[in-house]
Amino acid sequence: MINNSYIAKKIKLTAKLMELHGENDFKVKAYQKTVESIKILDVELSQVPLAELLKIEGIGKSTAEKIVSIVERGSFDKLDELLEKTPEGVIEMLGLSGFGPKKIALLWKEGGAESLDELLVLCRQGKVATIKGFAEKTQETLIKAIEFKISTRGMFRYANIEPAFKSILEQVQMSLPNARVSETGALRRRVDIISYLDLLVGNDDFDEVRRVISEMDSLAETEMQSGPFTWVGYHKETKAKVKIKLCKLQEFDKILLKTTGSIRHLNANLSNGTTLKQALLSMNGNSEAEIYESQGLQYIEPEMREGTFEIQLAEKKELPKLVEMSDLKGILHNHSTYSDGKHTLRQMAEHCKVLGYEYLGISDHSQTAVYANGLYEYTVKEQQEEIRKLNIELAPFRVFSGIESDILADGSLDYPDEVLAGFDFIVASVHSGLNMDINKATNRLLTAIRNPHTTILGHMTGRLLLEREGYPVDHQEVINACAENNVVIEINASPYRLDMDWRWVNYALEKGVVLSINPDAHSMEGYKDMYYGLLTGRKGGLTKEMTLNSKSVSEISDFFQSRKEKILS
DNA sequence: ATCGCAAACGATCTTAAAGGGAACTTTAA
């Protein structure tokens, strides 16, 4: 099925390529505008007849025909021509963060680079600095951008690869009902970035497993790397590398435990003088829980098996009970059509209610985020009036009025105090001026945290996984400040962000900082991301008690109220 | 390429930071 996001992607690529090839700027802008209007469109373009397409803002005769072509055959002539005259490596170059089509065109046409690797050589030879429009500093930035891009090759965000591995496992299980199958390794630990699909199949007849795998259309083998106990290949659609380990049924639990834990987890010294890895040598047939128990440990959830703090707690029988989806009572930090969301406030609220949540916290963009249609003071008032009415209509369901306030360059929030005071809660986030050194960035955050209006610190580092590193932050100092100022830290659940990083969750909890699992949803479907934020929290040992949005509607209402009273006093 | 105003065409405009190169272009939120 050709969906809107596929269509938008193709048109966006066309715009980039047109810019790369120096076509008319206004044409390029028209395409970009089309992409933006598709993003917030609430109908599937593939279901819209040609005549109706023309009525959509930003779509004229020419684009409408192209959309029809994409729906019919996945592409259109203009795009095919552009792709034809652009080397694949140059298209990869277009993905470099901080470098747009104009710069890439120079690097390609003037510098002669046709791939990331060639470009890197060119940089190291100092030749990029001699191209007009470039100099030493840009060359350095470019090297960093290339190295980052290269380091992400073959890697996937967990959420993006989840459907692939689940479908592989399902297929194997269907063909071999008596086999046991599971994902393992980093995949089973739900690490945010995945470099290969690590799977385990327990079945006494290995040949049978090999035959089943070889008959799967979705997979292709890399025979050179396969061995007697491991099938190595890749998933054709995503190009993700796949490793399938084979083991006897009897050994499945042991091998699952052995392959799930990180090296540090398996090699951690236990107080009985051994390690999990050593202990496993003499075991077979026991469940994972029994194996942990036999070493005097509590059962450790797969997400936590990183070898950081979980072993010590498991020995003391002090492992926390991790937060679960059913503990989450409301959804905070969401956008609507008031700013850059796809669905109306009403749709967002009603859908949230249908999903069984008790409340919705709406937090559209603030005025400085012009590109995202941030709310002016008078639009804030309008929205708050609509919220007031919705709360009467949808009761006992509750909509809380919030804002995702930009943290400005000096750390201040984006409205005067009296406007800020009118919200139930405020998510403070950085969206612009991301090139800061660690001191500047940390101080900017600290100022925002000390602002009594700040309820939640949004996506702490501004990173986009596999795309952008984000600004450097002294996590410890920022977390300490949140603890002192009773500010909640967001776990932004968007699979692109998962920010704050799971590696800091435990430290925040130790300091007594409450965390909030927020999807940053820009549409009703965006609520699904809650799950990925949950996994991030669980990796760091997050409990129901320390999760802001596991509070009931009355508890969270009291919490917001008490924070506001603090401002007055 | 699209839109709107008006008759075949003209206008299209977010903004600020950064860098390179001395006034401007590019990029990204």
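Values below: all heavy atoms of this structure, side chains included; hydrogens, waters and symmetry mates excluded. This one's a predicted model, so the numbers in the text were calculated from it and none came from an experiment.
D520(A) and S494(A) share no side-chain donor-acceptor pair at under 3.5 Å.
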Determine whether H335(A) and H365(A) satisfy the following criterion, ring-ring contact (aromatic ring centres under 6.0 Å, His included), listing intermediate values before the conclusion. CA-CA 7 Å; H335(A) 299 263; H365(A) 286 285; 4.3 Å; yes

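Taking the six-membered ring for Trp and thresholds of 30 and 60 degrees, F560(A) and F425(A) have nearly parallel ring planes, at less than 30 degrees apart. Using cut-offs of 30° and 60° for the angle between ring planes, the Y378(A) and Y376(A) rings count as parallel. Aromatic ring pairs are classed by plane angle as parallel below 30°, tilted from 30° to 60° and perpendicular above 60°; the pair Y415(A) and F423(A) is tilted. Aromatic ring pairs are classed by plane angle as parallel below 30°, tilted from 30° to 60° and perpendicular above 60°; the pair F134(A) and F99(A) is parallel.
Nucleic acid contact class of K137(A) (heavy atoms, under 4.0 Å, all strands): sugar-phosphate only. At the heavy-atom level, S97(A) lies under 4.0 Å from the strands shown only through sugar-phosphate atoms. Counting any heavy atom pair closer than 4.0 Å across all strands shown, A369(A) reaches no nucleic acid atom.
Comparing G133(A) and G100(A), the nucleotide of DNA chain B nearest to each residue sits closer to the 5' end for G133(A).
I449(A) approaches V487(A) most closely through the heavy-atom pair O-CG2, 3.5 Å.
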Atom pairs, N/O to N/O, protein against nucleotides 2-9 of chain B, distance under 3.5 Å?
from, atom 1, to, atom 2, distance (Å)
dT2(B), OP1, G60(A), N, 2.7
dT2(B), OP1, G60(A), O, 3.4
dT2(B), OP1, T63(A), N, 3.1
dT2(B), OP1, T63(A), OG1, 2.2
dT2(B), OP2, S62(A), N, 3.2
dC3(B), OP1, G58(A), N, 2.8

Once base and sugar-phosphate atoms are separated, protein heavy atoms under 4.0 Å mark nucleotides 10-16 of chain B, 5' to 3', with B, S and - as --B-S--

